[in-house]
Amino acid sequence: GLVLPLRSWRTPTLPRPSPRSLEVVVVADPSVLKRLLVVCILAGLALSVYAALETMIPSLQGSCTVNSYVTCGKVAQSPYSYIGPIPVWTLGVGGFLLLLALTVLYLRTGEARWLGWLWGLAGLGLASSVVLLLVEVALINAICPVCVASYVAELAVFLVVSRLRLATSHARTLPPA
């Protein structure tokens with residue numbers, strides 16, 4: 001019969017990843033972080049405006065319906081889509097517009113106080129996003145993909161502002177060279 005050497009029966013070993021390939025790249029350049037912040041805010045604003053349009057133009061709700069659980073329509077038509085007479089999407093549109101205004105003030109002046117206000121508002125927006133996601137999952141029993149995407153944009157804004165605060169606070173506390 002045919003006899004093969006023992007080593008040919010072993011599973012081939014894959015090269016181990018180098019420790020360098022497992023590193024997470026953390027952006028620390030304030031100019032990059034500032035641009036990223038604007039992009040995240042504009043994305044969140046666009047998603048919030050789209051959510052508003054879905055509420056006003058029900059035919060748009062079909063564009064984000066995947067099944068009976070992942071659907072914008074069920075969320076938009078629930079009683080939880082309003083806080084009193086105010087539609088919840090106004091929180092997103094208004095919040096992202098306010099974040100944009102604070103960002104413009106920060107970018108024009110470079111004053112740390114505007115960055116502090118941005119961080120506080122982004123934290124409040126993130127907390128609101130978590131509450132709204134819990135309402136979708138626990139009370140409405142449906143997920144709106146557009147809403148979830150805006151929550152992710154809010155998370156990104158918070159993370160970028162937090163990193164920007166850290167990057168600029170280190171720059172302020174370093175001794176002169």
Side-chain angles (χ1 to χ4, degrees), residues 27 30-168:
V27 177
S31 65
V32 173
L33 290 168
K34 290 172 185 175
R35 281 179 278 189
L36 186 57
L37 176 61
V38 171
V39 168
C40 292
I41 291 171
L42 291 176
L45 180 59
L47 289 161
S48 297
V49 167
Y50 187 80
L53 290 173
E54 281 183 326
T55 304
M56 295 178 224
I57 307 166
S59 63
L60 289 177
Q61 293 170 6
S63 66
C64 79
T65 297
V66 176
N67 55 39
S68 63
Y69 185 72
V70 180
T71 174
C72 295
K74 187 173 179 183
V75 173
Q77 294 166 4
S78 81
Y80 299 104
S81 65
Y82 284 84
I83 299 173
I86 301 169
V88 171
W89 59 259
T90 60
L91 296 175
V93 172
F96 282 111
L97 283 173
L98 192 51
L99 283 167
L100 187 60
L102 289 171
T103 299
V104 168
L105 286 170
Y106 172 66
L107 294 177
R108 289 198 175 208
T109 66
E111 294 178 20
R113 69 179 169 142
W114 298 120
L115 194 54
W117 280 101
L118 263 170
W119 187 75
L121 183 61
L124 182 63
L126 182 58
S128 299
S129 294
V130 169
V131 168
L132 291 171
L133 181 60
L134 289 173
V135 167
E136 287 183 28
V137 171
L139 300 176
I140 302 172
N141 199 29
I143 296 286
C144 167
V146 173
C147 302
V148 172
S150 73
Y151 306 156
V152 170
E154 184 64 44
L155 171 63
V157 168
F158 180 77
L159 292 174
V160 171
V161 170
S162 297
R163 185 66 185 116
L164 190 56
R165 285 186 78 200
L166 187 63
T168 56

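All heavy atoms count here, side chains included; hydrogens, waters and symmetry mates do not.
- Nearest heavy-atom pair, Ala142 versus Lys74, reported as atom, atom and distance to 0.1 Å: CB-CD, 3.6 Å.
- Two residues are said to be in side-chain contact when any heavy atoms from C-beta on lie closer than 4.5 Å; Thr65 and Val70 fail this criterion.
- Under the 3.5 Å distance criterion, the side-chain polar atoms of Glu136 are matched with a main-chain donor or acceptor of Cys144.
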side-chain contact (heavy atoms from CB on, under 4.5 Å) evaluation trace for Lys34 with Tyr106: CA-CA 10 Å; Lys34 290 172 185 175; Tyr106 172 66; 3.8 Å; yes
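- Checked against Val161 for a side-chain contact (heavy atoms from CB on, under 4.5 Å), the options Leu99, Leu166, Leu37 give a single hit: Leu37.
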Phe96/Val157 under side-chain contact (heavy atoms from CB on, under 4.5 Å): CA gap, chis, key distance, verdict: CA-CA 10 Å; Phe96 282 111; Val157 168; 4.3 Å; yes
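- To the nearest 0.5 angstrom, Leu102 atom CG is 8.5 Å from Trp117 atom CH2.
- Between Cys40 and Val160 the shortest heavy-atom distance is SG-CG2, 4.5 Å.
- Between Leu45 and Val93, some side-chain heavy-atom pair lies under the 4.5 Å cut-off.
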Worked verdict on Leu133 versus Val130 for side-chain contact (heavy atoms from CB on, under 4.5 Å): CA-CA 5 Å; Leu133 181 60; Val130 169; 5.8 Å; no
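- Between the side chains of Ser162 and Trp119, at least one donor N or O sits under 3.5 Å from an acceptor N or O.
- Heavy-atom minimum distance, Tyr82 versus Val88: N-CG2, 3.9 Å.
- Put simply, CG on Leu164 and OG on Ser31 are 10.0 Å apart, with the number rounded to the nearest 0.5 Å.
- Side-chain contact between Leu47 and Val152 is absent, with no heavy-atom pair separated by less than 4.5 Å.
- With Ser150 contributing its side chain and Cys147 its backbone, the two residues share a donor-acceptor pair below 3.5 Å.
- Considering CD1 of Ile41 and CG of Leu36, their distance stands at 10.0 Å, rounded to 0.5 Å.
- A donor-acceptor pair under 3.5 Å is formed between the side chain of Ser48 and the backbone N or O of Gly44.
- Annotation: side chain of Ile143 is not in contact with side chain of Val75 (no heavy-atom distance under 4.5 Å).
- Within 6.0 Å of atom OH in Tyr80, 12 or fewer heavy atoms from other residues, nucleotides or ligands are found, so the atom counts as exposed in its surroundings.
- You'll find the side chain of Thr168 stays beyond 4.5 Å of the side chain of Leu33, heavy atoms only.
- You'll find the side chain of Pro145 reaches within 4.5 Å of the side chain of Cys72, heavy atoms only.
- For the residue pair Arg165 and Gly116, the shortest heavy atom distance occurs at NE-CA, 4.5 Å.
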Test side-chain contact (heavy atoms from CB on, under 4.5 Å) applied to Val38 and Leu107, step by step: CA-CA 10 Å; Val38 171; Leu107 294 177; 4.0 Å; yes
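- Taking the side chain as every heavy atom from C-beta outward, Tyr69 and Val137 approach each other to under 4.5 Å.
- Side-chain contact check for Arg35 versus Val39: every heavy-atom pair is 4.5 Å or farther apart.
- A pairwise comparison of heavy atoms in Glu54 and Ser63 identifies OE2-OG, 4.3 Å as the closest pair.
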